[in-house]
Amino acid sequence: DQIDFQSTILSRFDCIFIVRDERNDEHDRNMAEHVVGLHMGGGAREKEGEISLDDLRKYITFCKTKCSPRLSEESAQDLVDYYVNDRQHVASHISSIGGGKSMPITVRQLEAIIRIAESLAKMSLLQEVTSVQVEEAHRLFNNSTMQAATATGGSNELPSEMGELVVKIEDAIRRRMAIGTKVNGSKIQEEMAGRFSNVKAVDWAIVNMIRRDELEYLDGRKMIRRKKQFV
């Protein structure tokens, strides 16, 4: 759900990391104590590492202004090979799940890997991007955007035990919304979830109706409009 955006929007990000809210008592306690401490006026405590934050900022500024690395022939060929393989991988994933939605790998993603590789070279004050930086840039890309790209198409089938309930919710939405009317997306979701006590089933009902072109999102997914009669 975190990356349920149009593929044209997703493709504009260099890296996309899926953040999972997993329960961990120790982590939860540390996070809660940190947030509470901020509101008690304690402020965030900065821990000094091997170099001070001030020196680190100066070093980053120096790297950005004094270093402009360019691709070597070897690293350029590596990028071409990675790009072709990544496109094949995503195409195979879409085929394996029987189609569906997935973020395309385009030249935008190739440019993202190049920017990451150039940044890695700048960090080492190199004047040339080598295969080492390209390999690390692709690793970062593969562990972020590529995983997100294949995750978007992972839950393409309605759970069988939810089918009857989803049909009832779809009927309720049709009775609630006349053809041509618009409603707030969050409002209709909350209303249906209150009636049927199953948020996931409500989400599936809306998704199914959008796939059948009965409904459509408007205003950046804030509004939902009913387009036509179900046949």
J.: Just jot down the side chain to side chain contact (heavy atoms under 4.5 Å, CB included) partners of Leu110, sequence neighbours excluded, or say none.
T.: Leu79, Tyr83, Ile114
J.: Run the salt-bridge test on Glu214 and Arg225 with the 4.0 Å N-O cut-off and return the result as yes or no.
T.: no
J.: For Glu128, which residues count as a side-chain hydrogen bond (donor to acceptor under 3.5 Å, both in side chains) partner, sequence neighbours excluded?
T.: none
J.: Going from CG on Leu71 to CD on Gln77, what distance comes out if it is rounded to the nearest 0.5 angstrom?
T.: 12.0 Å
J.: Using the rule that Ile, Leu, Val, Met, Phe, Trp and Tyr join whenever any side-chain heavy atoms are under 4.5 Å apart, tell me whether Val107 and Phe141 fall into a single cluster.
T.: yes
J.: Which heavy atom of Arg212 sits nearest a heavy atom of Lys228, and at what distance?
T.: O-CE, 3.6 Å
J.: Rounded to the nearest 0.5 Å, what separates atom SG in Cys15 from atom CD1 in Ile113?
T.: 8.5 Å
J.: CE/Met162 to CD1/Ile169 distance, rounded to the nearest 0.5 angstrom?
T.: 8.5 Å
J.: Residues in salt bridge (Lys or Arg N to Asp or Glu O under 4.0 Å) with Asp55, at least two apart?
T.: none
J.: Closest heavy-atom contact between Ala201 and Leu165?
T.: CB-CD2, 3.7 Å
J.: Are side-chain heavy atoms of Met177 and Ile224 found at a separation under 4.5 Å?
T.: yes
J.: Before you tell me yes or no, could you show the steps for Val199 and Gln189 under side chain to side chain contact (heavy atoms under 4.5 Å, CB included), namely the whole-Å CA-CA distance, both residues' side-chain angles and the distance that decides it to 0.1 Å?
T.: CA-CA 8 Å; Val199 175; Gln189 286 177 307; over 6 Å; no
J.: Checking the side chain of Asn143 only, and the main-chain atoms of Arg139 only, is there a donor and an acceptor separated by less than 3.5 Å?
T.: yes
J.: For side chain to side chain contact (heavy atoms under 4.5 Å, CB included), just list the numbers for Glu135 and Tyr82, CA-CA rounded to whole Å, side-chain angles, deciding distance to a tenth of an Å, and then say yes or no.
T.: CA-CA 9 Å; Glu135 181 179 357; Tyr82 280 134; 4.0 Å; yes
J.: Apply side-chain hydrogen bond (donor to acceptor under 3.5 Å, both in side chains) to Asp171 and list each qualifying residue two or more places apart in sequence or on a separate chain.
T.: Arg174
J.: Sequence neighbours left out, what passes salt bridge (Lys or Arg N to Asp or Glu O under 4.0 Å) with Arg226? Give chain and number order.
T.: none
J.: Connecting only ILVMFWY residues whose side-chain heavy atoms lie within less than 4.5 Å of each other, what is the rest of Leu120's hydrophobic cluster?
T.: Ile116, Met123, Leu140
J.: Rounded to the nearest 0.5 Å, what separation is found between the NZ atom of Lys182 and the CD atom of Glu216?
T.: 9.5 Å
J.: Quick one: salt bridge (Lys or Arg N to Asp or Glu O under 4.0 Å) partners of Glu111, sequence neighbours excluded?
T.: none
J.: Do the non-hydrogen side-chain atoms of Ile179 and Gln229 ever get within less than 4.5 Å of each other?
T.: yes
J.: Could you identify which residues cluster with Tyr59, counting Ile, Leu, Val, Met, Phe, Trp and Tyr as linked when any side-chain heavy atoms lie under 4.5 Å apart, either directly or through a chain of such contacts?
T.: Phe62, Leu125
J.: Do the non-hydrogen side-chain atoms of Val167 and Glu164 ever get within less than 4.5 Å of each other?
T.: no
J.: Is a salt bridge present between Asp25 and Arg29, judged by a nitrogen-to-oxygen distance below 4.0 Å?
T.: no
J.: For residues Ala193 and Val202, report the shortest heavy-atom separation together with the two atoms involved.
T.: N-CG2, 3.7 Å
J.: CD of Glu191 to CD1 of Ile173: how many Å apart, nearest 0.5 Å?
T.: 9.5 Å
J.: CD of Gln127: more than 12 outside heavy atoms within 6.0 angstrom?
T.: yes
J.: Do Val129 and Arg70 pass the side chain to side chain contact (heavy atoms under 4.5 Å, CB included) test, and can you show the C-alpha distance, the side-chain angles, and the key distance before you say yes or no?
T.: CA-CA 6 Å; Val129 179; Arg70 293 291 181 264; over 6 Å; no
J.: First locate atom NE2 of His34, then atom NE2 of His39, and finally report the distance between them rounded to the nearest 0.5 Å.
T.: 9.5 Å
J.: Taking side-chain contact (heavy atoms from CB on, under 4.5 Å) as the criterion, tell me which of Arg108, Gln109, Arg115 meets it with Asp14.
T.: Arg115
J.: Could you pull out all residues at least two apart from Asn85 that satisfy side chain to side chain contact (heavy atoms under 4.5 Å, CB included)?
T.: Gln88
J.: Hydrogens and angles aside, do Asp78 and His138 bring a side-chain donor and acceptor to less than 3.5 Å of each other?
T.: no
J.: Please report the shortest heavy-atom distance between Pro69 and Lys122, naming the atom on each side.
T.: CD-CG, 3.6 Å
J.: Kindly write out the residues that satisfy side chain to side chain contact (heavy atoms under 4.5 Å, CB included) with Lys187, not counting sequence neighbours, or none if the list is empty.
T.: Arg176, Asn184
J.: Please examine the side chains of Glu74 and Thr130, heavy atoms only from C-beta on, and report whether any two atoms are closer than 4.5 Å.
T.: no
J.: Does Met31 share a hydrophobic cluster with Val36, counting links as ILVMFWY side-chain heavy atoms below 4.5 Å and allowing steps through other members?
T.: no
J.: Mind checking side chain to side chain contact (heavy atoms under 4.5 Å, CB included) for Ala172 and listing every partner two or more places apart, or none if nothing turns up?
T.: Arg175, Met192, Arg195, Phe196
J.: Give the other cluster members for Val132, using side-chain heavy-atom distances under 4.5 Å between Ile, Leu, Val, Met, Phe, Trp and Tyr residues; answer none if it is isolated.
T.: none
J.: With a 4.5 Å heavy-atom cut-off, do Gln133 and Ser75 have their side chains touching?
T.: no
